[in-house]
Asker: 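This is the structure, below, for whatever I ask next.
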Amino acid sequence: MNTRGLSLDTIPPLLIPLRFFLTAPLFGICAALLIFYQGSDIWLSRWSFSSLALTHLVTLGFMLMVMIGGLYQFIPVMVGQLIPAGQYLAPVIHSLLVIGTFSLAAAFLSHFIFLYVLALISLALSLSLFAFSLIPLLIAQLNKHLLVYLLRILLVVLAITIAFGLYMLFSYSFPDSLINYRLYTDIHALWGLLGWTVLLIMAVSSQVIPMFYVTPEFSKNSLKLLSMAIVLTLIMLSFSLLLIKDKLFSGIFFELLLSIELLVFSLYSLWLIEHRKRKLADVTISFFRIAHFSLLVVIILWWFYAQVISAEEELLKTQMEFILAISLVYGLALSAIIGLLQKIVPFLIFLHLQRLSLKHPGTISLVPNMKKIISTKNSKIQFLFHCLSLFLLIFSVFFPQWVWLAAILMMINFIWLWKNLLQGIFLYQKNRKQILNYNYSYET
Amino acid sequence: MMQTTATFNRGVILLTTTINTFMSAHHKECDDLFAAAENSIASGDWDNGVSQWLEFTNELENHFSREETIIFPEFESKTGSVGGPTQMMRMEHEQMRSLVSELSKAAADKDMEQFLGLSETLMVTMQQHNMKEEQMLYPMIDHAMPDVTDIIARMV
């Protein structure tokens, strides 16, 4: 093992991950505003531009935003090296991602070519900068940890998703080029909504569930095999979509295979959660339960969608497509992410204040424990808002006259998240000042 | 419980020849003791909780002292590396000791809210510390010292 350059004292400046975490809820609020503004039209068709704008506000603006911030924090703990030049690159990557996501959503809603071009350039730049700063660490690491393995696969899947996305964006920007948008959108959505979302939750679950809840470990080989099988199935499914026009046996076979793989993962995770030794009521574990339960719902509905509903039942098919997307993004990914933020942000604030207090003896009482940064009560309220908004979003697909209520609850969910994170930051700043100004004469 | 712990450790010696497997297993053992104490206290069973908490803190201190008095000095003298990663780990031990002493005070005062807030914080701190050791430091130590049978024997 090459240990040169390894350091165990690797925590990036607090602002690097926090700027991503604090921006994400704002995109959630924008997404809720868009639903509110569009009203019942938002669930008319998944091909509508407003639903494309909505999907990207949440997936790029929230999910990818938190993931990049999280990786800036987590990779150093895993591999002993900071992501290079974070102090200079993170603000650039962050700003470009903000500009790219906004201009993409605005382009879908307005069709200004200029906005498509702006989105193309800023997203391509932002994601390549991040990928290039990450690749050396992931290639060079000889460390055989499961998470490093899953991260590599995750980033490949994300790269494929983004490549299809950028390709379509390129065609929107230069409308002379003719491509089969629907086909490419299906493949882009398959890799993004199923591949990226599920593998992201797999990588996070494999690490977090055993560690924080004292459960049996996930079997390394099973998860390696499972993640590889999911990617191979996605590849085969994409080929069958690209090469075979009618849905033939091969497509159905690979869909069945993929759903079995997902079923194994969700049941395995739920089984581990039930066998945890750390039994105390914990909001993050409730969020994880909702996440994995949503995945189960997705699998069942997918089969219903693919096999039971006939092509003529267009309304029901459209409703199912939206429910699948809501369950995957809001139910699976966002539940796990919002649940984790309840722990990650308080821990980071604690960690930085504790480090500071070690240099200023006598100030340990100024370091708040995690639950003083985001209280259990506030996290429970978050969980309530999240579950209510998830339920109402699904409900509003069938009863679109209630979509305004779903949008309001979704907005409250993200505002509450943002408020809790901000309160944490204010507490950090206040206590940091007190620690720095601590006067020894106040002792005794 | 202490008896089981010692037996378990002896069982592991026969199976392992690396610091990483031996000490990682001990991390898990500490996690189990921690979870048991926290479960009891969260359910209001202070009598059992406080004695289980004591059991955990003894085992944790035992773990730290194995590292600070046996493993780290051996590694430092073998590699000449002082003030590097082992120093960082010693500092994190101090951070955890400070949390543990606050927790013991909360347990003595039967202050559940304070205890659970601190126990959550200790849990996350412990886990990220363990991850650094299991992913980086222990493999470095095993690499620098191929034969650790003597060292493991001194730890039980």
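Letters go in sequence order (proteins before strands), and every chain restarts at 1. None of these values were measured; they are calculated from a predicted model.
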Asker: Of all the residues in residues 278-288 of chain A, which have a heavy atom that comes within less than 4.5 Å of a heavy atom in chain B?
Answerer: A/R278, A/K279, A/L280, A/D282

Asker: Between A/R355 and B/E92, is there a side-chain N and carboxylate O pair less than 4.0 Å apart?
Answerer: yes

Asker: Relative to chain A, which segment of B/I41 carries a heavy atom at a distance below 4.5 Å: side chain, backbone, both, or neither?
Answerer: neither

Asker: Return the minimal non-hydrogen interatomic distance between A/N369 and B/T121, and the atom names on each side.
Answerer: CB-OG1, 3.4 Å

Asker: Counting C-beta onward and ignoring hydrogens, is there a side-chain heavy-atom pair between B/D31 and A/Y213 closer than 4.5 Å?
Answerer: no

Asker: Does any heavy atom of chain A fall under 4.5 Å from the side chain of B/E38, the backbone, both, or neither of them?
Answerer: side chain

Asker: Consider only side-chain N and O atoms of B/Q114 and A/K371, and report whether a donor and an acceptor are under 3.5 Å apart.
Answerer: no

Asker: Around atom NZ of B/K78, are there more than 12 heavy atoms from other residues, nucleotides or ligands closer than 6.0 Å?
Answerer: no

Asker: Step by step, would you call A/E217 with B/K28 a salt bridge (Lys or Arg N to Asp or Glu O under 4.0 Å)?
Answerer: CA-CA 10 Å; A/E217 293 276 342; B/K28 292 274 168 290; 3.5 Å; yes

Asker: Backbone N or O of A/K277 within a donor-acceptor pair of the B/N39 side chain at under 3.5 Å?
Answerer: yes

Asker: Based on non-hydrogen pairs under 4.5 Å, which of B/H129, B/M131, B/E134 is most in contact with chain A?
Answerer: B/M131

Asker: Less than 4.5 Å to any heavy atom of chain A: does that hold for the side chain of B/S43, its backbone, both, or neither?
Answerer: neither

Asker: Based on non-hydrogen pairs under 4.5 Å, which of B/D32, B/L122, B/V124 is most in contact with chain A?
Answerer: B/V124

Asker: Among A/Q354, A/K372, A/R276, which residue has the highest count of heavy-atom pairs closer than 4.5 Å to chain B?
Answerer: A/Q354

Asker: Answer whether the closest heavy-atom distance between the side chains of B/T125 and A/F350 falls below 4.5 Å.
Answerer: yes

Asker: Determine the minimum heavy-atom distance between B/M123 and A/F212, stating which atoms define it.
Answerer: CE-O, 3.9 Å

Asker: Hey, are the side chains of A/M370 and B/L118 touching, using non-hydrogen atoms and a 4.5 Å cut-off?
Answerer: no

Asker: Step through the shown structure and confirm whether more than 12 heavy atoms of other residues, nucleotides or ligands are within 6.0 Å of CD on A/Q423.
Answerer: yes

Asker: Given heavy-atom pairs under 4.5 angstrom as the criterion, report whether the side chain, backbone, both or neither of A/F347 touches chain B.
Answerer: side chain

Asker: Run B/Q128 and A/L351 through side-chain contact (heavy atoms from CB on, under 4.5 Å) and show every step you take.
Answerer: CA-CA 11 Å; B/Q128 78 134 28; A/L351 185 68; 4.0 Å; yes

